[in-house]
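Predicted model, so just to flag it, every value in this text is computed and none were measured.
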Amino acid sequence: MDKDECKTVDMIAICDELQQYVPCSEDKMITIPLYGDGLSCERINSATPRNRLEGLEPAIQQWHKEVLLLEDAFKQLFGTNMRDRGTLVQIRGMLGYHNVKKEVGDHFNSCFEFFEIVTRCYIIAAACTFLETKSPSDIPTQWPHEKERRKLIFKSAVDAVFNLAWCPMDYSTFSVHNSDHDYLFCTCNEEMEDEMVLCENSYCQKGSWFHLTCLSLDKKDLPKGKWYCCNECKQEAKSNKKPSATDCKYEYTKGLLWRGIGAIMRRDAVKESDGRRMICHWKFDMTDFYTMNHPKYLVFGHRLLHNVNGGVSERLEQQLIWNRTVNVHGGYGNNVAMDLHMEHLNRYFKESIKTARGQLTKATLERHSQLLGVMDGMHRAMDQLTYRERDCRKSGKADRSGDMERVIATLLKENLTINIPGRTHIISPVQLNTEISTCRQIFGSPC
């Protein structure tokens, strides 16, 4: 169909075409799921009852949610200051992963692979800290010879990493500064040739050093004694108030592990087509949709959870739980999210119709749509016949072990998996919502 699902009118036409596949029993339509991303579901739901074509239940899918959550993780954890060791931006620069950008939507595969690598490095570093080793290749002291005792020690290390990631963290204690400068000063955050004055409060959060021009002051206007940038700093200095004992680097580690392990678990559930786990993840992700202001996914996520917990018939409930992935090439662990498969088909279709050179008749569109999948198989067979088999790694993926060793060494050197009160990143005074921590305690233990 030559229709754009980004337009409500065209989406109605698509639903009109799809409604012919809705089964009927005694003149009563039996509702079936209509899978799509958040935007498609919203357009279906926003139509009038007549145009909505009763019998199709919008069922929000996995891959677009995965992109959205990765974008949220990068917004909170990426930053731009490369002096903060162990942050995403510093590790990206250290490894030279220049195709990893903060704008996840345009570089999703590269960003996800990078985030997964960093998360696994943090996991290994946390395990090394628990086992009291200086590197993953070191053998822990008093290492037992018995196999069962080794299993118990490894289980304890896994529990320690899990508790580190699961413990509720205060997101407001770390917000990586998004300035291009190496340090904060003045209210302008800019370098300029001008005389500066120091705020005598040792814990000043506004910059410590200030340009006289920015303060609209002259040198002769400054007092002979101590000078403070505001009354809060003056009161804080008099009371000898010390900053919070929170270790912001440790909080950053906990936040990254929470986000990273969650992303890996979601991807693993999709690969195994584990419907129960995917639904469980939707339950946990509702807190992120609320705190990060994603109303579409909050609404349709709630609708999905309602439907799989008795809101629809048992038949439709089972479809919504288990019919969420596609296995194109067969084999265990090769499933992909249904909406990602649709993205692939759309791309193949757009590439295919280019050969029509603008002659897009209805017969042409039907012919190219029927060739979807078939042409892909033909191209694969042709590649195998015409190209010499090349040497490649057994896994088919790039070897990242060297990069991971460098990252793990940095994390262990900086003691980022140890709680040392008083450490900070270069903090920007941004208040992040801490509702996630409370909701985690309400929901209980993750799957």
Side-chain angles (χ1 to χ4, degrees), residues 73 77 86 91 113 115-170 246-247 249-281 283-285 332-333 394-395 397 399-421 423 436-447:
L77 302 169
I91 295 174
E113 181 187 8
F115 196 44
E116 182 180 11
I117 290 172
V118 174
T119 301
R120 294 188 186 279
C121 291
Y122 266 90
I123 292 173
I124 296 173
C128 288
T129 300
F130 175 81
L131 297 173
E132 299 180 351
T133 60
K134 295 182 179 180
S135 72
S137 58
D138 291 347
I139 299 176
T141 56
Q142 300 180 353
W143 185 243
H145 296 287
E146 297 83 0
K147 187 176 181 179
E148 293 300 322
R149 289 186 61 190
R150 291 183 179 182
K151 287 183 178 180
L152 291 176
I153 292 177
F154 274 119
K155 184 179 183 302
S156 299
V158 172
D159 291 341
V161 175
F162 174 83
N163 291 330
L164 174 61
W166 178 248
C167 289
M169 75 288 296
D170 183 1
T246 302
D247 182 359
K249 293 190 175 183
Y250 188 67
E251 291 296 318
Y252 182 92
T253 297
K254 289 160 58 175
L256 189 144
L257 281 172
W258 168 259
R259 287 285 190 181
I261 293 176
I264 294 173
M265 290 171 61
R266 292 185 198 94
R267 176 65 65 87
D268 185 65
V270 171
K271 286 183 176 180
E272 296 179 1
S273 193
D274 192 336
R276 292 294 182 189
R277 283 174 61 196
M278 285 186 272
I279 296 298
C280 183
H281 295 154
K283 180 176 72 170
F284 279 90
D285 296 336
Y332 178 77
K394 291 182 179 180
S395 63
K397 296 183 179 179
D399 184 7
R400 305 295 188 188
S401 57
D403 293 342
M404 292 183 66
E405 289 177 1
R406 292 177 61 192
V407 175
I408 294 169
T410 300
L411 301 181
L412 291 174
K413 182 179 178 180
E414 297 294 323
N415 293 320
L416 296 182
T417 55
I418 301 175
N419 189 4
I420 305 176
R423 293 190 301 178
I436 293 178
S437 300
T438 305
C439 292
R440 287 192 203 128
Q441 296 175 352
I442 295 174
F443 286 146
S445 181
C447 299

When you measure from the side chain of [X] to the backbone of [Y], do you find a donor-acceptor pair of N or O atoms at a distance under 3.5 Å?
X      : Y      : value
Arg267 : Ala263 : no
Asn163 : Asp159 : yes
Asp247 : Ile420 : yes
Thr253 : Leu416 : yes
Thr133 : Thr129 : no
Arg150 : Pro144 : yes

Problem set entry | Glu272/Arg277 ion pair, N-O < 4.0 Å |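 Yes, Glu272 and Arg277 are salt-bridged.
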Exercise. Under a 4.0 Å N-O cut-off, is there an ion pair linking Glu116 with Arg120?
Worked result: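 Looking at Glu116 and Arg120, the cut-off is met.
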For this session: Go through Asp285 and Arg266 one step at a time and tell me if the side chain to side chain contact (heavy atoms under 4.5 Å, CB included) criterion holds.
Result: CA-CA 10 Å; Asp285 296 336; Arg266 292 185 198 94; 2.8 Å; yes
Which pair of non-hydrogen atoms, one from [X] and one from [Y], has the smallest distance, and what is that distance?
X      : Y      : result
Tyr250 : Arg423 : N-NH2, 4.4 Å
Leu257 : Leu164 : CD1-CD2, 3.5 Å
Lys134 : Leu412 : O-CD1, 3.3 Å
Tyr122 : Gly86  : OH-O, 2.6 Å
Ala165 : Ile261 : CB-CD1, 3.9 Å
Ile153 : Phe130 : O-CE2, 4.1 Å

With rounding to the nearest 0.5 Å, note down the distance linking [atom1] in [X] to [atom2] in [Y].
X      : Y      : atom1 : atom2 : answer
Gln142 : Glu132 : CD    : CD    : 9.5 Å
Thr410 : Glu405 : OG1   : CD    : 12.0 Å
Asp274 : Cys280 : CG    : SG    : 9.5 Å
Leu77  : Leu256 : CG    : CG    : 5.5 Å
Lys271 : Asp268 : NZ    : CG    : 7.5 Å
Ile117 : Arg400 : CD1   : CZ    : 5.0 Å

Exercise. So Asn415 and Lys249, side chain to side chain contact (heavy atoms under 4.5 Å, CB included) or not? Walk me through it.
Worked result: CA-CA 9 Å; Asn415 293 320; Lys249 293 190 175 183; over 6 Å; no
Exercise. With respect to Asp138, which candidate in Pro136, Ser135, Pro140 satisfies the side-chain contact (heavy atoms from CB on, under 4.5 Å) definition?
Worked result: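 One option only clears the test, and that one is Ser135.
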For this session: Would you please test Leu411 and Cys121 for side chain to side chain contact (heavy atoms under 4.5 Å, CB included) and show each step?
Result: CA-CA 8 Å; Leu411 301 181; Cys121 291; 4.2 Å; yes
Exercise. Is the Trp258 to Tyr252 ring centre distance short of 6.0 Å?
Worked result: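 Between Trp258 and Tyr252, the centre distance exceeds or equals 6.0 Å.
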